[in-house]
Amino acid sequence: MVEQEPVVPIGEKLARDKDEPSEKTEGQPFHPDYRLAMPPDFRSQNKQETVKEGKEEEKLGLTPPAIPRFILADRIAKTGGKEAVPADAEKSMPAAMVQLEEVESSFDGDLPFTIREILGKLKENSPTLFFEFCKNAEPQLLMGTSSLIEQARQAQNTDNKDKMFTIPGIDLTVVLMAGKGDMLRAWDRRNNVGAIMYTQGKTVWNVLYLGYTHAGTLYHAEEKTIKFEDFSQSDWKYVVNLGERILEKKRIR
């Protein structure tokens, strides 16, 4: 005969299971569903294998060891955030040899102060006829030109009038202006320079305008080109009249 287990009511069984503590394995942590948890031996073995693999990768150079933070900050501070150049590479770099050369002067000897002052006022990016004259002229001619400018400046301080003279050998007239901004004086200057151009039988002429203070300081230097086409018909008649008067004075002398 088969022995039958006594039938226990379901409510009584549930109450009994609740009161009885669940079975635990000694030395094992509690798991909500221990049936799904890995055995402790397997977990310990898996952890040891992971640590072992990490050490082997470290030896093979696959994962470089981490640099402590304070050492890394010190390296960045010393290198300025850039990769440092090895000392051997610095030694192998050839040192650049820089040889300084002296700037040669275009002028032989010392220029007179008056001439040098004028050249310093003229614009560097626009070569002028006066500049070419200073490069090629003899020292005696430069000294004579400087002296004429100084004489004209002193005479201008006496009567406060425009003064002008023509440098021999080149198509250039130097005009010392008694004042700037006066339209009538500017018109007279251009007509007088035009008269010089007429006496020389030219249709193009150059004029160097200079402006000095009463104390003798140069405040303006400008070279311009005057052409026959720049004059109106009435102005050119006046220029011709001035030119004929200049030629008449020369004949009398």
Side-chain angles (χ1 to χ4, degrees), residues 111-119 121-123 126-253:
L111 287 173
F113 173 77
T114 303
I115 303 297
R116 186 177 294 277
E117 190 179 28
I118 294 171
L119 292 175
K121 281 287 184 182
L122 293 174
K123 293 182 179 179
S126 56
T128 62
L129 184 61
F130 183 74
F131 179 72
E132 295 297 325
F133 161 72
C134 293
K135 287 197 303 182
N136 302 318
E138 296 292 333
Q140 293 81 2
L141 183 56
L142 291 177
M143 288 297 296
T145 304
S146 176
S147 178
L148 284 174
I149 294 174
E150 185 61 25
Q151 291 176 24
R153 189 189 66 78
Q154 292 178 3
Q156 186 178 76
N157 284 343
T158 303
D159 56 15
N160 196 30
K161 292 183 180 180
D162 290 349
K163 305 296 177 183
M164 69 179 191
F165 64 91
T166 300
I167 298 177
I170 62 174
D171 300 341
L172 177 68
T173 297
V174 179
V175 177
L176 276 70
M177 303 179 297
K180 262 188 101 176
D182 189 335
M183 293 184 64
L184 181 59
R185 283 189 175 185
W187 184 76
D188 285 338
R189 291 181 196 122
R190 191 186 67 158
N191 289 337
N192 278 270
V193 174
I196 299 289
M197 178 177 67
Y198 170 79
T199 60
Q200 300 295 323
K202 301 291 182 68
T203 57
V204 179
W205 201 256
N206 299 279
V207 55
L208 175 62
Y209 292 111
L210 301 178
Y212 286 92
T213 64
H214 189 77
T217 302
L218 178 68
Y219 66 85
H220 180 77
E222 181 184 13
E223 184 175 318
K224 289 186 176 181
T225 301
I226 294 179
K227 299 179 181 180
F228 168 76
E229 295 82 3
D230 297 337
F231 295 89
S232 65
Q233 187 174 0
S234 58
D235 287 347
W236 185 248
K237 287 182 179 179
Y238 182 72
V239 167
V240 171
N241 186 27
L242 288 176
E244 289 295 335
R245 287 165 58 183
I246 292 174
L247 291 175
E248 183 67 22
K249 289 181 180 179
K250 287 183 177 180
R251 284 192 292 265
I252 293 174
R253 293 175 184 174

Worksheet entry | Worked verdict on L122 versus F130 for side-chain contact (heavy atoms from CB on, under 4.5 Å) | CA-CA 10 Å; L122 293 174; F130 183 74; 4.1 Å; yes
Practice prompt. List the steps and the verdict of side-chain contact (heavy atoms from CB on, under 4.5 Å) for D162 and D188.
Written response: CA-CA 10 Å; D162 290 349; D188 285 338; 6.0 Å; no
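For the atom pair CG of L129 and SG of C134, the computed distance is 9.5 Å after rounding to the nearest 0.5 Å. Atom CG of L242 and atom OH of Y198 lie 11.0 Å apart (nearest 0.5 Å). Taking CD of E222 as the reference point, atom CD1 of I118 lies at 13.5 Å (rounded to 0.5 Å). Here CG of L176 is found 5.5 Å from CD of Q156. Values are rounded to the nearest 0.5 Å. In this structure, the separation between CD on Q154 and OG1 on T158 is 8.0 Å, given to the nearest 0.5 Å. We find the CG-OG1 distance between L218 and T114 to be 9.0 Å, quoted to the nearest 0.5 Å.
Every side-chain contact (heavy atoms from CB on, under 4.5 Å) that N157 has, sequence neighbours left out, goes to R153, H214. When the salt bridge (charged side-chain N to carboxylate O under 4.0 Å, His left out) test is applied to E244, no partner is found at least two apart in sequence or on another chain. With sequence neighbours left out, the side chain to side chain donor-acceptor pair (under 3.5 Å) criterion links N192 to no other residue. Take F231 and apply the ring pair (Phe, Tyr, Trp, His ring centres under 6.0 Å) test, not counting sequence neighbours, and it matches W236. D235 is linked by a salt bridge (charged side-chain N to carboxylate O under 4.0 Å, His left out) to R190, counting only residues two or more places apart in sequence or in another chain. Every residue meeting the side-chain contact (heavy atoms from CB on, under 4.5 Å) condition with T166, not counting sequence neighbours, appears here in chain and number order: T173, I196, W205. For E248, the salt bridge (charged side-chain N to carboxylate O under 4.0 Å, His left out) partners are R251, not counting sequence neighbours. Legend: residues meeting side chain to side chain donor-acceptor pair (under 3.5 Å) with T225, ordered by chain and number and at least two apart, are N206. In this structure K250 satisfies the side-chain contact (heavy atoms from CB on, under 4.5 Å) test together with Q200, I246, sequence neighbours excluded. Annotation: salt bridge (charged side-chain N to carboxylate O under 4.0 Å, His left out) contacts of K202 (sequence neighbours excluded): D171. Under the side chain to side chain donor-acceptor pair (under 3.5 Å) criterion, S147 pairs with Q151, not counting sequence neighbours. Qualifying ring pair (Phe, Tyr, Trp, His ring centres under 6.0 Å) partners for W187, counting only residues two or more places apart in sequence or in other chains: Y238.
Shown here for G243 and A195, the closest heavy-atom pair between the two residues is N-CB, 3.7 Å. When every heavy atom of A221 is checked against every heavy atom of K121, the shortest pair comes out as CB-CB, 3.5 Å. Across V175 and R189, no two heavy atoms sit closer than the pair CG1-CD, 4.2 Å. The two atoms that bring T145 and F165 nearest to each other are O-CZ, 4.3 Å, heavy atoms only. Counting all heavy atoms, side chain and backbone alike, P112 lies closest to M143 at CG-SD, 3.5 Å. Residues A178 and R185 share a closest heavy-atom pair of CB-NH1, 3.3 Å.
A side chain to side chain contact (heavy atoms under 4.5 Å, CB included) with F133 holds for exactly one of I115, L172, L142; it is L142.
Counting non-hydrogen atoms of other residues, nucleotides and ligands closer than 6.0 Å to CD of E138 gives a total of 12 or fewer. By the 6.0 Å contact criterion, CE on M164 is enclosed, its count of non-hydrogen atoms from other residues, nucleotides or ligands being greater than 12.
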